[in-house]
Asks: 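Structure incoming, see below.
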Number of protein chains: 2
Amino acid sequence: MAAITIDDVASLAGVSIKTVSRVLNHEPHVRAATRERVLAAVDSLKYRPNVSARALAGSRSYLMALFFDNPSPGYVHQIETGAMGACRNSGYYLIVEEMLESGVELERRVAAFNSTVRMDGVILPPPLCDRTELLAALDAEKVPYVRIAPTTHLDRAPYVFMDDRQAAYEMTTYLQSLGHRDIAFIAGPPDHTAAARRLEGFRDAMEQAGLPVGPDRVQNGAFSFLSGAECGELLLTAADRPSAIFAGNDDMALGVMAVANRLHIDIPGTVTLAGFDDSPGAQVVWPQLTTVRQPVADMAREATELLIAAGRGDVGPKARRLDFEIIVRQSSGPPAR
Amino acid sequence: MAAITIDDVASLAGVSIKTVSRVLNHEPHVRAATRERVLAAVDSLKYRPNVSARALAGSRSYLMALFFDNPSPGYVHQIETGAMGACRNSGYYLIVEEMLESGVELERRVAAFNSTVRMDGVILPPPLCDRTELLAALDAEKVPYVRIAPTTHLDRAPYVFMDDRQAAYEMTTYLQSLGHRDIAFIAGPPDHTAAARRLEGFRDAMEQAGLPVGPDRVQNGAFSFLSGAECGELLLTAADRPSAIFAGNDDMALGVMAVANRLHIDIPGTVTLAGFDDSPGAQVVWPQLTTVRQPVADMAREATELLIAAGRGDVGPKARRLDFEIIVRQSSGPPAR
DNA sequence: TCTGCGTTTGACAGCGCTGTCTTACCGTTT
DNA sequence: AAACGGTAAGACAGCGCTGTCAAACGCAGA
């Protein structure tokens, strides 16, 4: 396994190693015929440039980092998938790191990381992307980064996002279109920006349709299965039960579903249920959950591509919005009678 | 951000860079006093060696790769967590790659990967770890690897695993200890080695307890939610319903649970249910599922540590068995009446 | 005191590439 | 035919570290 180096390619093509380097890096000033010869040599030798050598000699390392602190495996996995895909297409590699520390420790960790592995960019999913110390540390190290669905410091760095408010608005509209007029909403933690936006979208859609939303029709959950179950129990056992429940995320919707099953309340026959996120659990439950699909993988892909483009000197857009999708499954239907 | 190099440390400590290198690599032939001086300099400068330079100059790259093709986000995430933890403790970094191709394409991909980033080792979770082409490609490239829960070619390379048969045996024993005598088992695909082992453990425990297992008491599922639901329906609607159902994995157990809810069969009041895997869904369901916790993250950690030790020249054990755990939650209880 | 041998330390080359600078080349213009 | 300007290609240094080998050191015994 004597590794093939750029010298081998150069001598086979009958050019200097610098010319091979030019071809590989898509630099100008190479005659078309020469380029062909080089590429043919690269092909026949199956030559692949070594990233460590490139990183050491040049200004790019071809390494992207994905930092995360999100406890949800499904979410992280989707982010990874998107980021990995973008990296692969451009000859980059992805290093994944869990960043659970905060404050000074976080800053130290980032600095240490960056001196050992000079990365070309960092992808920051929520909620990590909202940590001020992190942004500061990255800025100090001059490492480019792109944030995914950030909620603060929006002018500080490029980011990709989706419109939570609009998504909740459209889901609510969909439920109304089925004939529901008494719809309850289970909100997430008020300090969670996306959660607040979703509630906003729900309220706007109800108001616009001229439908009242009583105070007991908005319950405060915590984005967890358990909190969903609690809020669900409250709503489902009330004397005047809503005909539809829209939970601010899938975990809470699944909580509601568990309670409904226990209370022998048929979904969607008696009560319609909708969630938000299209988490893996949404399909592994019966009935399968009507929900909003967030383009999580796509956001990560876009973020990574932004970073890669920036490495080439292309300045991309400051922010990029991606589209959600309303996924209608079996948990929603027209109201009873 | 003028990066701090080994030269800075060397001149501060008043030694040559080679001596600093020796200290950093725990090489012998450095006087204790010298080592202290060097370490103090490293500390005060917050110096971190650069992995690219190390990889280029030396025989180690400090990069581990995790290849996977497992579609389950939860499983992959646990593997990652374990592997990342081990890497972090030893100054290694983890590159994650999804390897969906097969045959010659897989071999090519591995070869290309290894020439661009010369990794110190590869972690192979199932089912990827059972692909003969992959092992061949890795062997050809002379890249060390450790497999997690492999089922074939066990003598080919080190691996970590857990005893599926024993785990199923103990879970069955636990169900018996609750008073269940008529227990049904939903098996996984027969060609899936772990699935076969679990069935084996179930049968052994039943036989040893002198309990009969009728032919209809072992249903063949496919490790999926849907197949679990189908088998569950068969078992639960039969005239002579078993008092307990042990599903070969959690997904199938959740399928059974969904059907039971729909049929208004109380779990665990009427029928006890147990799964296997302790997947994320097991806790996000009501009642929470009694199951077997596989030490997935621990297996990945051990695998990574084996690889790191091998890089230092230590030859570890050929195989390492880790312990499972029976997790008793709310889906199991004494038989009715 | 000197020799001999093991231990500690350093000089130096070079890993495989890219950045910078220089030279060779080729077609135009005067 | 000479001079020019721009493009194509190469020479060379060096990125930050480790491996090899040689030198210096220190302590034993003669």
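Predicted, not measured: the structure shown is a model, and the values here were computed from it. Chain identifiers are assigned alphabetically (A, B, ...) following the order of the sequence lines, protein sequences preceding nucleic acid strands; residue numbering begins at 1 within each chain.
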Asks: Can you check the A:Ile17 CD1 to D:dG10 C1' distance for me, whole Å?
Replies: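 It is 10 Å, rounded to the nearest whole Å.
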Asks: Can you see if the side chain of B:Thr5 gets near the phosphate of D:dC15 - specifically, an N or O under 4.0 Å from OP1 or OP2?
Replies: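 Negative; the distance criterion is not met.
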Asks: Heavy atoms, side chains only, cut-off 4.5 Å: are A:Val23 and A:Leu39 in contact?
Replies: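 SC-SC contact between A:Val23 and A:Leu39 confirmed.
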Asks: Evaluate the side-chain proximity of B:Arg60 to B:Arg312: yes if any heavy-atom separation is below 4.5 Å, no if none is.
Replies: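 With C-beta onward as the side chain, the pair touches.
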Asks: Between A:Ser11 and A:Asp7, is any pair of side-chain heavy atoms under 4.5 Å apart?
Replies: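 No. Closest side-chain heavy atoms not under 4.5 Å.
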Asks: Expressed in angstrom and rounded to an integer, what is the separation of B:Arg118 atom CZ from D:dT18 atom P?
Replies: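 In whole Å, D:dT18 P and B:Arg118 CZ are 14 Å from each other.
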Asks: For DNA chain D, which residues of residues 18-39 of chain A approach it to below 4.0 angstrom with any heavy atom?
Replies: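 Hits under 4.0 Å, by residue number: A:Lys18, A:Thr19, A:Arg22, A:His29, A:Val30, A:Arg31, A:Thr34.
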Asks: Tell me if a side-chain donor or acceptor on A:Arg321 pairs with a main-chain N or O of A:Phe161 at a distance below 3.5 Å.
Replies: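 Side chain of A:Arg321 to backbone of A:Phe161: no pair is present.
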Asks: Quick one: do B:Arg54 and B:Asn25 satisfy side chain to side chain contact (heavy atoms under 4.5 Å, CB included)? Show the steps, please.
Replies: CA-CA 11 Å; B:Arg54 262 142 85 108; B:Asn25 291 290; 3.9 Å; yes
Asks: Checking side chain to side chain contact (heavy atoms under 4.5 Å, CB included) for the pair A:Glu98/A:Asp69: CA distance, chi angles, key distance, verdict?
Replies: CA-CA 6 Å; A:Glu98 190 167 20; A:Asp69 67 342; 5.8 Å; no
Asks: Mind calculating the distance between CG (B:Asp8) and C1' (D:dG16) to the nearest angstrom?
Replies: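 So the two atoms are 11 Å apart, to the nearest Å.
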Asks: Could you identify which residues of residues 45-57 of chain A place a heavy atom less than 4.0 Å from some atom of DNA chain D, listed by residue number, or say none?
Replies: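 Hits under 4.0 Å, by residue number: A:Leu56, A:Ala57.
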Asks: Under 30°, 30 to 60°, or over 60°: which ring-plane class applies to A:Phe67 and A:Phe113, parallel, tilted or perpendicular?
Replies: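 Answer is perpendicular, since the angle exceeds 60°.
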Asks: Evaluate the criterion ring-ring contact (aromatic ring centres under 6.0 Å, His included) for residue pair B:Tyr159 and B:His153; output intermediate values, then yes/no.
Replies: CA-CA 10 Å; B:Tyr159 61 93; B:His153 302 292; over 10 Å; no
Asks: Give the rounded distance in Å between these two atoms: CG of A:Asp120 and C1' of C:dT18.
Replies: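 Value for this atom pair: 14 Å.
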